[in-house]
Number of protein chains: 2
Amino acid sequence: MPRTTDGDGTPVPQRLLAAATRLFAERGYDRTSVQEIVEAAGVTKGALYHYFGSKDDLLHEVYARVLRLQQDRLDTFADADEPVEKRLRDAAADVVVTTIDNLDDASIFFRSMHHLSPEKNRQVRAERRRYHERFRALVEEGQQSGVFTKEIPADLVVDYHFGSIHHLSTWYRPDGPLSPQELADHLADLLLRALRP
Amino acid sequence: MPRTTDGDGTPVPQRLLAAATRLFAERGYDRTSVQEIVEAAGVTKGALYHYFGSKDDLLHEVYARVLRLQQDRLDTFADADEPVEKRLRDAAADVVVTTIDNLDDASIFFRSMHHLSPEKNRQVRAERRRYHERFRALVEEGQQSGVFTKEIPADLVVDYHFGSIHHLSTWYRPDGPLSPQELADHLADLLLRALRP
DNA sequence: CAGCACATACCGACTGGTTAGTCTGTCGTC
DNA sequence: GACGACAGACTAACCAGTCGGTATGTGCTG
């Protein structure tokens, strides 16, 4: 096989994806030209269109990666052998930490959904919904067993929490007073406090 | 004075602003061409550049309008002669209702900040901060007087709540099961519940 | 009150610049 | 010699903003 890497050891497709992620997060999808992406990755357009069908396709890959990661992590926490309060708290805190670890992904995720083609948009929404459902199931389980209040619809609680996650990429600063873990604990605490009967 | 309106009685600048708001919310700032805006408003480019300095300027006007409205409403509720829990609850619920009433504005607000020129961006951020501060002051007042928990930094609580507001334009559907007021009450309730000592 | 000066409110063709995607060709490897 | 992995010039489309021009109303002046 001819060379797949160049200079450093990272394969070209991954280099392209990394460059695109950074640039999309920095200046937005539409403001980032394909030319800039390939230059940042140290290749040319030929390489990009060899591996990806379109610019839109590149964006879709960013989404796929994030979705896969978050879903895996949620499944791990939700399946744990712990009381439901702890499972929810752990899952809620983990998504905060993971989001902060990948702030670029997060800002792209919520800011650029509408730049995906309608078909890919539907696909991403569907996967997102699965994620949401899983989270909601945890809340409902706690409501059934009486450890959480039934006053508030579970759906709404989930959207409330993810709203704040979404917002993180807008206001979180790595040089702020709180470490990612401290912040995550606080946010998970807010959620659990709101759910007290 | 020559005609300022045409067909219907609405003045041209307002027609342009309304058309731009709808289109920006629908397909995003970059995906909306100036040509589309003027066509939707029933005028031509000459008219747009007669009233606005640039496309960016048009976006800025959308921001200015929203900021003014929200700040006025917050001031009203925060200055009321009521206990702090009620003032915070009313303000928190009101911003939800107002946001739902202007969902287009909301999706533009959070999605298109980075399309503003650096200078206008700074301006909007500064005004936004004033708003945030006012809201935070309410939380802190309640923490001082002991009706809210001091466990969680007030800043964080405010960002938590506004995260969910921000997110509204993503998931709220007018044909959903909850009326705007019901939803607002629930979200305000979540906030106040989380703040219980 | 006629008529001239001037301003405001637009119109729409044009320009300079940018961009996603294509396509032909080259090079190294199996 | 066939094929995968690119290079890079090229194209067709689009788009923000400009600019010279027109139309309509207002105010001043003789």
Distance, rounded to the nearest Å, where A:Leu16 contributes CG and D:dA5 contributes C1': 12 Å
Qualifying salt bridge (charged side-chain N to carboxylate O under 4.0 Å, His left out) pairs with a residue from residues 121-131 of chain B, counting only residues at least two apart or across chains: none
Any B:Lys45 side-chain N or O less than 4.0 Å from OP1/OP2 of C:dG12: no
Any B:Tyr51 side-chain N or O less than 4.0 Å from OP1/OP2 of C:dT8: no
Stretch residues 26-38 of chain B: residues that reach within less than 4.0 Å of DNA chain D through a heavy atom: B:Thr32, B:Ser33, B:Val34
Pair listing, salt bridge (charged side-chain N to carboxylate O under 4.0 Å, His left out) test, anchored in residues 180-193 of chain B, at least two apart: B:Arg89-B:Asp189, B:Asp189-B:Arg193
Given C:dC10, D:dG17, D:dG8, the nucleotide with the shortest approach to the side chain of B:Ala47: C:dC10
4.5 Å side-chain heavy-atom contact, A:Leu16 and A:Phe52: yes
Test side chain to side chain contact (heavy atoms under 4.5 Å, CB included) applied to A:Thr76 - qualifying residues, sequence neighbours left out: none
Nearest-angstrom distance from the residue atom CG of A:Leu48 to C1' of C:dT19: 14 Å
Separation of atom CG in B:Leu23 from atom P in D:dA16, rounded to whole Å: 12 Å
Listed once per pair and sorted, the ring-ring contact (aromatic ring centres under 6.0 Å, His included) pairs that draw on residues 18-43 of chain B, sequence neighbours left out: B:Phe24-B:Tyr29, B:Tyr29-B:His115
Residues that A:Ala40 engages under side chain to side chain contact (heavy atoms under 4.5 Å, CB included), provided they are two or more places apart: A:Ala19, A:Arg22, A:Leu23
If you look only at distance, which donor and acceptor atoms sit under 3.5 Å apart when one is on a side chain in residues 149-159 of chain B and the other is two or more places apart or in another chain?
unit_1, atom_1, unit_2, atom_2, d
B:Thr149, OG1, B:Glu151, N, 3.0
B:Asp155, OD1, B:His132, NE2, 3.0
B:Asp155, OD2, B:Arg136, NH1, 3.2

D:dC6 phosphate, OP1 or OP2, under 4.0 Å from A:His50 side-chain N/O: no
Selection residues 68-90 of chain A - residue pairs positive for ring-ring contact (aromatic ring centres under 6.0 Å, His included), sequence neighbours left out: none
Nucleic acid contacts of residues 56-65 of chain B, taken as heavy-atom distances under 4.0 Å to DNA chain C: none
What donor-acceptor contacts under 3.5 angstrom involve side-chain atoms of residues 100-113 of chain A, with partners at least two apart or in another chain?
unit_1, atom_1, unit_2, atom_2, d
A:Asn102, ND2, A:Thr98, O, 2.9
A:Ser107, OG, A:Leu103, O, 3.2
A:Ser107, OG, A:Asp104, O, 3.1

Qualifying salt bridge (charged side-chain N to carboxylate O under 4.0 Å, His left out) pairs with a residue from residues 46-61 of chain B, counting only residues at least two apart or across chains: B:Asp56-B:Lys120, B:Asp57-B:Lys120
Spacing of B:Gln14 atom CD relative to C:dA9 atom C1', expressed in whole Å: 16 Å
Integer-rounded Å distance: C:dT24 C1' and A:Tyr49 OH: 17 Å
Strand DNA chain C in bracket notation, Watson-Crick/G-U under 3.5 Å with | for pairs to another chain: ||||||||||||||||||||||||||||||
Under-4.0 Å salt bridge between B:Glu26 and B:Arg31: no
First encountered from the 5' end of DNA chain D, between B:Lys55 and B:Gly46: B:Lys55
